[in-house]
Amino acid sequence: MSLPAASFYVTTPIYYVNDFPHIGHSYTTIAADVLARYHRLRGADVHFLTGTDEHGVKIYRAAQASGETPIQLADRVVERSKLLWQRLEITNDDFIRTTQQRHQRVVQLVFQKLHAAGALWLGDYSGWYCASCEKFLAENDLTEGCCPDCGTKAEMAAEKTYFFKMSAYRERLLKFLDENPGFVRPQARFNEVYSRVKDGLNDLSATRTSLEWAVPLPFDPAHRAYVWIDALTNYISALGYPDGELYRKYWPADVQLIGKDILWFHAVIWPCLLMALDLPLPRTLFAHGWWTNRGEKMSKSKANFVDPVAVTEKYGVDAYRYFLLREMPFGQDGDFSETALVRRVNNDLANDLGNLLHRTLTMIEKYSGGAVPAPAEADASAQALRALAAETVAEVDSQIADVQFSRALEAVWHLVGVANRYVETSKPWVLASAETRRAELDTVLYSLTEVLRIVSLLLYPFMPTKAAAMRSQLSLGPPEPPLDERAQWGRFKPGTSIAKGKPLFPKIEE
RNA sequence: GGCGGCGUAGCUCAGUGGUUAGAGCAGAGGAAUCAUAAUCCUCGUGUCCGGGGUUCGAAUCCCUGCGCCGCUACCA
């Protein structure tokens, strides 16, 4: 698989403002950031969108409960979210809020278009209703026939609603899935979606008359947009659909990252909506898994959500970013624990990588007067190292194209491991004691420098601060595109004095 | 219940017909000294969940039993 070079549009879901972001939100957003940074480094024209979903009964009620207006509540959460993204070095190009004018306008336009295209019909929505909470409940959520929130017995009720004719798009969607088996990833999620679509699609209740905190329909103000169409539209409203320059440039999205809980909405409702609007579908939808906290599911009742701020204050932002993307394959579930994080930091970051940098720089100081020597002719092991570096660059590129962060990092660490072994086998300290072996020594030191330089490029999207620090110890500036040129072997200028600093990743004492 | 997936070293997993089944981590021993006591090397007789079958040959395909997990639509 090869990566598109020209433009790259990546999105996260818009996060619901009923709560502050926790590890799960940060996971999706960091993953999107790595993709964005990587593609920028490749030289692509990148657009990275994240944002917040701010409508709905829950927000309305939460605001009432805390004695503020819904928008005040949303503002509060948005403010804190933005601080977190800043802290985590997230480089989103835009931040969409569903309460913004630019978004609501497009939602109304979308409804108008659906209406005009005959994709909406007015009918009755019926379902379990809690009279006390004044809201409809999903059958699954009922606890012994009662409202899970207040315990009132739920009753069947009906209200007028506009249905989106989703069933009409089933054949087209199936055909699209047949032709695009990589549309939903990982594969297991694709299969789930496929078989459910095959089983049949129902029309979707798309509006509510009882909702107050939502976008009103232009052609029937008694109705307001119910969650899905409002929320999903963010991916194009943020681009200024239908006439915006950004829209023309970036749609369809290259990668839309989502949690597995919202797979159905993105893999079925979203494509159907786009088809109804005659718009191209996104290229890849990637549903990632959940983190548990030391083996336990995170939940409100247990109040055991991992707080990104606390973790990054203690261990650093880059260590956190590295851990999340290295510890579990993207798409699977995994477990978060400080023990596991510390192990990753000490083994991978401090011992393998940090120490390789440090020992290399020390040897350059001791054996070469602090300047990286020009390499002499490469022997077999130096050639092998050089070849592996090139393979690693290609491998990382291919794994990122596949949205497989952990595999990309594994490839980098394989190179780091081979470089550490190269130090052992070439024994620079022996070479340094024999005047006649100067040429060999120079080649070793230069080769190690090149490995480190290339590694710093490849790691930059994952650990921007540490990669930059690593580069500055090598007297290099921040990485610049295009990656495929910069990552070529031999670009480090011999004679450059290095600027060895403190260990990049101090070991964490347990 | 239906559909799908999984069950491989202490742990997390890779391996989908073919020589003595692998990696990382954890554990034991050793080498070396450039280094953040970092690094490197060596060490696994594992019922590849059980049973049956196909095949010259199966962890790998088929059937079956057991166990675990996901999805089963209006929960961002």
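Throughout, protein chains are lettered first and strands after them, A, B, ... in sequence-line order, and every chain is numbered starting at 1.
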> Given rA38(B), rC34(B), rC75(B), which nucleotide is nearest the side-chain atoms of K58(A)?
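Within the option list, the nearest is rC75(B).
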> Remember a base hit wins even if backbone is also touched, and classify S205(A) as base, sugar-phosphate or nothing at under 4.0 Å, heavy atoms.
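The residue S205(A) makes base contact.
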> With a 4.0 Å cut-off on heavy atoms, is V227(A) in touch with a base, just the backbone sugar-phosphate, or nothing at all?
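Touches a base.
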> Give me the distance, rounded to whole Å, that separates rA59(B) from rG18(B) when you measure between the P atoms they each carry.
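Straight-line distance between the two P atoms is 10 Å.
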> Looking at residues at least two apart in the chain, or sitting in another chain, which of them share a ring-ring contact (aromatic ring centres under 6.0 Å, His included) with W121(A)?
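For W121(A), the residues satisfying ring-ring contact (aromatic ring centres under 6.0 Å, His included) (neighbours in sequence not counted) are F163(A).
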> Taking any heavy-atom pair under 4.0 Å as a contact, classify K366(A): base, sugar-phosphate, or nothing.
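Sugar-phosphate, backbone atoms only, no base.
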> How would you label the contact of L263(A) with the nucleic acid (heavy atoms, under 4.0 Å): base, sugar-phosphate, or nothing?
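If one applies the 4.0 Å heavy-atom cut-off, L263(A) turns out to touch nothing in the nucleic acid.
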> Considering only atom C1', compute the distance from rG53(B) to rG15(B) and round it to an integer number of Å.
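Roughly 24 Å separates the two C1' atoms.
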> Identify, with sequence neighbours excluded, every residue that meets ring-ring contact (aromatic ring centres under 6.0 Å, His included) alongside Y169(A).
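For Y169(A), the residues satisfying ring-ring contact (aromatic ring centres under 6.0 Å, His included) (neighbours in sequence not counted) are F164(A).
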> Taking atom C1' in both rA73(B) and rG17(B), what distance in whole Å separates the two?
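It comes out at 41 Å once rounded to the nearest Å.
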> Write down the distance separating the P atoms in rG4(B) and rG57(B), rounded off to the nearest Å.
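30 Å, rounded to whole Å.
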> Please state the C1' separation for the pair rC43(B) and rG10(B) - nearest whole angstrom.
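One C1' to the other, the span is 16 Å.
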> Mind checking who rA38(B) pairs with, Watson-Crick or G-U wobble, both distances under 3.5 Å?
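Across any shown strand, rA38(B) pairs with none.
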> On the side chain of N351(A), is there an atom forming a donor-acceptor pair with the base of rA38(B) - under 3.5 Å, no angle test?
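When only heavy-atom distances are counted, N351(A) does not reach the base of rA38(B) through any donor-acceptor pair under 3.5 Å.
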> Would you indicate what D352(A) reaches in the nucleic acid, counting non-hydrogen atoms under 4.0 angstrom: base, sugar-phosphate, or nothing?
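Answer is sugar-phosphate: D352(A) comes under 4.0 Å of backbone atoms only.
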> N92(A) pairs by side-chain contact (heavy atoms from CB on, under 4.5 Å) with which of D94(A), I90(A), I96(A)?
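The option that passes is I90(A).
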> Taking atom P in both rU16(B) and rC61(B), what distance in whole Å separates the two?
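Taking atom P in both rU16(B) and rC61(B), they lie 9 Å apart.
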> If I pick the C1' atom on rC66(B) and the same atom on rG29(B), what distance separates them, to the nearest angstrom?
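Between the two C1' atoms, the distance is 41 Å.
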> rU72(B), rA35(B), rA76(B): which one has an atom nearest the side-chain heavy atoms of R196(A)?
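Of the candidates, rU72(B) comes closest.
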